[in-house]
Amino acid sequence: MTRLPLLLAAVVVGGAAVAPGPAAATAPSPAPLVRARAGGGVHAAGSVEQVYVTGVSPGSRLSLLDASGARVRQGRADAQGALLFRGVAPGGGYRVEQRSGGHARSSALRVLRPDETPPPSFYQGQHLSNGYGYLTTRDGTQLAVNVHLPGPVDQGPYPTVVEYSGYDPANPTSAQPASMIAQSLGYATVGVNMRGTGCSGGAWDFFEPLQSLDGYDAIEAVAAQPWVLHGKVGMVGISYPGITQLFVAATRPPHLAAITPLSVIDDTYRGVLYPGGILNTGFAVAWAKDRQHDARPAPDGGQPWARRRIQAGDTVCAANQALRLQTPNVLTEIDAGRFYDPARYDHLTPDLLVPRITVPTFLAGAVEDEQVGGHWPELISHFAASTKLKVTITNGTHVEPFGPAVAIRWGEFLDFYVAQRIPSVPAGLRAAAPVAYSSIFGTPLTLPPDRFAGQTDYAAALARYETEPRVRVLFDNGAGTPTGAPEPGFEASFPSWPPPGVQPTTWYLRSGGRLDRSAPPAPDRGSDSYRYDPGSVAATDATPKTIDAIWTSLPPYNWQPPRAGAALTYTSDRLPSDVVLTGPASVDLWLRTSAPDTDLEVVLTEVRPDGQEMYVQSGWLRASHRTTLRADSTPLEPRYSDEKAQVRSMPKGQYALVRVPLFPIVHAFRAGSRLRVVIQAPGGNRPQWAFDDLPGPARNQVARSATLASKIVLPVNPTVAVPTPLPPCPSLRGEPCRPASPPG
């Protein structure tokens with residue numbers, strides 16, 4: 001969820017960042033559903049299941065009283081004289097009492113329910129102009145916004161998209177990449193900063209429900225502007241502002257036209273923070289630290305652009321810092337959330353929210369994403385069948401949705417559902433694309449031709465578009481010309497994910513490091529062991545260790561083979577024909593360990609006829625989390641509750657079945673290649689990811705007998721023909737190569 005370099009988007013729109021419009025004056029807004037109440041110096045207001053207090057003496061003892069006068073919560077004001085009570089039951093008659101530094105009470109206030117939405121007049125009464133300004137949410141919080149119109153207001157209305165996140169979408173001196181590209185397509189864009197970030201008021205918390213309701217309010221306020229075409233807006237953004245779209249769309253703003261979430265997550269806990277129950281101390285924790293820093297109050301902390309505005313005299317931005325010290329410590333929250341607790345994680349899990357999304361949705365990303373991980377295709381089956389959904393899945397990195405083959409479809413989608421016009425790429429954008437792609441991928445690329453060129457009937461074009469399958473898979477992304485550029489070797493489309501016709505196909509772990517289609521014979525009681533040693537794993541990050549290097553055409557990966565004795569490796573015979581995998585997979589191990597618990601990473605690779613070994617996918621599991629949800633698990637996909645009550649130590653001296661889930665796979669193994677499975681301690685195969693491994697050393701033993709048959713079950717798709725030869729190694733994006741060790 002790291003921000004993309006502005007250079008990419010700047011070049012896309014003609015060589016320089018789009019200059020912001022003039023600063024917009026913020027017109028008086030209609031009254032929010034709740035107002036701040038003052039009484040004896042106590043300034044308090046209700047929000048959605050929250051009450052906030054500002055302007056009291058630092059360190060003051062404060063109590064929240066209900067309508068009967070009973071004390072329901074208490075705390076102390078922070079160094080800025082503020083306090084935020086979260087998790088307050090909705091209702092009226094609340095007051096805040098100051099109990100030290102003088103005794104006083106606020107006037108009565110009301111706490112909102114999540115389903116209390118303002119009337120249309122609340123949004124229609126807000127006026128946003130070209131440039132920087134603020135909009136007001138239902139609880140009176142002001143969110144920083146930056147409006148960029150394609151031309152004068154009187155030449156509108158314009159198709160409009162909103163980018164909403166805790167990065168800096170409202171920064172008036174720059175814009176996020178998705179917004180900049182939308183601008184180049186003729187869209188008006190509105191960048192909105194989440195509460196508690198940048199110049200927005202309130203306090204930030206990781207995807208708390210109030211953030212989603214703020215997004216609802218932002219969509220409705222923007223859609224009410226007279227310069228918005230059709231009175232509806234879309235949403236754009238990659239990573240953080242991509243994920244945010246899923247949360248906002250689930251609240252169903254009436255004037256949201258469509259969303260385009262790129263490079264997202266499906267499950268905060270299992271997809272990126274605690275995959276397999278193991279804390280991701282690499283990208284996940286580093287990202288959390290950055291957000292914690294950004295939520296600090298300016299001018300001493302926070303985001304640089306907000307500090308600059310305060311220094312330049314923006315009094316609204318300065319006042320909006322009042323609640324910043326009430327931001328929860330996200331690192332403490334992560335540590336407290338080591339096991340899945342529905343009360344803590346369910347509202348952070350897009351899988352559980354997307355069934356509520358009814359607007360057209362364009363979803364795209366890579367399954368080896370070095371930031372958000374690649375587990376996201378799990379979202380697809382959770383969308384309602386009635387939702388108009390277009391998905392692109394590919395191998396590669398976090399930025400693949402901006403590659404030509406995906407970006408052109410993203411623009412099509414916006415044109416159909418937001419602009420309501422026949423899609424076409426402006427000539428200026430086509431001309432600028434090669435330079436833009438050189439800036440990020442290191443090679444000039446052109447955009448594919450318009451698929452609807454010559455079509456004059458919008459309704460007919462849309463009808464044709466909507467007959468296309470939901471899911472598009474790009475295979476061998478990086479095998480185009482030049483080598484390593486983000487262009488696919490071939491593609492296939494499917495009505496659903498995992499695709500129909502996928503056959504769970506088993507290869508068994510056998511003696512001598514073999515992987516075989518046949519199960520071990522009855523007399524076979526063999527096993528293999530390795531040293532569990534997290535310290536033996538070398539990082540795979542590119543050198544130099546910058547995220548930009550990983551996005552180039554041929555990154556300088558440092559993907560090392562496992563150290564002798566610290567892993568088990570099993571390799572198949574040469575494949576007699578091509579084998580295409582589309583979907584999740586499972587590695588089912590009968591495991592015995594000398595420790596009460598152990599961590600596992602299983603890696604699937606392709607050992608090629610040219611002597612190179614190519615990375616395909618990984619999966620992780622802490623063995624104590626091995627209890628599956630039987631009703632939800634399949635041969636290809638073990639599912640886990642990860643709740644503390646289900647966690648149990650490994651049985652001493654005994655084997656236990658441990659099913660390691662592999663993240664989704666889209667890969668074509670060519671005839672003559674071999675499948676390889678590597679079992680080791682976590683780390684060393686996914687750039688930007690690292691793990692809070694259990695301490696070693698320990699001795700792990702994997703059985704491969706007739707009664708305890710360890711195996712890998714792969715999603716073989718016999719419906720996909722492979723029309724292209726074996727791609728070079730390296731070439732495929734997100735799939736590093738290394739010299740292959742001999743089988744056995």
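Source: prediction; values computed, not measured.
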Practice item. Among residues two or more places apart or on two chains, list those pairs meeting salt bridge (charged side-chain N to carboxylate O under 4.0 Å, His left out) that have a residue in residues 440-456. Key: E412-R451, R430-D450, R451-E468
**Study point:** Qualifying salt bridge (charged side-chain N to carboxylate O under 4.0 Å, His left out) pairs with a residue from residues 171-184, counting only residues at least two apart or across chains
**Key:** none
Exercise for review: Measure across P488 and L474 and return the closest heavy-atom pair with its distance rounded to 0.1 Å.
Suggested key: CB-CB, 3.9 Å
Point to revise | With sequence neighbours excluded, residues passing side-chain hydrogen bond (donor to acceptor under 3.5 Å, both in side chains) with T268 | key: none
Check your understanding: Under 4.5 Å between any side-chain heavy atoms of P253 and V248, yes or no?
Key -> yes
Exercise for review: Please name the residue in the list L213, D115, T137, D214 that meets the side-chain contact (heavy atoms from CB on, under 4.5 Å) test with V48.
Suggested key: L213
Point to revise | E370 versus H398, side-chain donor and acceptor atoms under 3.5 Å | key: no
Review point. Closest approach of G198 and Q321, non-hydrogen atoms and distance?
Key: O-NE2, 3.4 Å
**Study point:** With sequence neighbours excluded, residues passing salt bridge (charged side-chain N to carboxylate O under 4.0 Å, His left out) with R472
**Key:** E491
Review point. With sequence neighbours left out, which residue pairs that include part of residues 158-167 fulfil the salt bridge (charged side-chain N to carboxylate O under 4.0 Å, His left out) condition?
Key: none
Check your understanding: For F490, what residues pass the ring-ring contact (aromatic ring centres under 6.0 Å, His included) criterion, not counting sequence neighbours?
Key -> F475
Practice item. Evaluate the side-chain proximity of I393 to W497: yes if any heavy-atom separation is below 4.5 Å, no if none is. Key: yes
Exercise for review: Specify whether F416 and Y458 have parallel, tilted or perpendicular ring planes, treating 30° as the upper limit for parallel and 60° as the lower limit for perpendicular.
Suggested key: tilted
Exercise for review: Would you please say whether a donor-acceptor pair under 3.5 Å links the side chains of Q420 and D415?
Suggested key: no
Review point. Going by heavy atoms in the side chains, are T260 and M235 under 4.5 Å from each other?
Key: no
Exercise for review: Taking side-chain contact (heavy atoms from CB on, under 4.5 Å) as the test, write out the residues that go with A364, two or more places apart.
Suggested key: L262, F362, T392, P401, V406
Exercise for review: May I have all residue pairs that pass salt bridge (charged side-chain N to carboxylate O under 4.0 Å, His left out) and include part of residues 386-395, sequence neighbours excluded?
Suggested key: K388-E466
Review point. Do you know which two heavy atoms are closest between Y132 and A144, and how far apart they sit?
Key: OH-CB, 3.4 Å
Study note, to complete from the structure: Applying side-chain hydrogen bond (donor to acceptor under 3.5 Å, both in side chains) to D314 and not counting sequence neighbours gives Y134, R309
Point to revise | Partner residues of E208 under the side-chain hydrogen bond (donor to acceptor under 3.5 Å, both in side chains) criterion, sequence neighbours left out | key: Q50
Point to revise | Rounded distance [0.5 Å steps], CG in L414 versus CZ in R421 | key: 9.0 Å
Review point. So which heavy atom on P486 is nearest to which on N477, and how close?
Key: C-OD1, 3.2 Å
Practice item. Report yes or no: do D139 and S47 form a side-chain donor-acceptor pair below 3.5 Å? Key: yes
Check your understanding: side-chain hydrogen bond (donor to acceptor under 3.5 Å, both in side chains) with T189: which residues, sequence neighbours excluded?
Key -> Q183
Exercise for review: Anything under 30° is parallel, anything over 60° is perpendicular, the rest tilted; go ahead and classify W204 against F206.
Suggested key: perpendicular
Review point. What do the steps show when you test E400 against R733 for salt bridge (Lys or Arg N to Asp or Glu O under 4.0 Å), and what is the final call?
Key: CA-CA 9 Å; E400 301 311 317; R733 298 184 59 75; 2.7 Å; yes
Check your understanding: If we only count heavy atoms from C-beta on, is the T397 to E368 side-chain gap below 4.5 Å?
Key -> no
Point to revise | With sequence neighbours excluded, residues passing side-chain contact (heavy atoms from CB on, under 4.5 Å) with A431 | key: none
Exercise for review: Measure from the side-chain N and O atoms of T387 to the backbone N and O of F383, and report whether any donor-acceptor pair falls under 3.5 Å.
Suggested key: no
Check your understanding: Going by heavy atoms in the side chains, are P177 and I238 under 4.5 Å from each other?
Key -> no
Point to revise | Polar side chain donor-acceptor pair, D351 to T349, under 3.5 angstrom | key: no
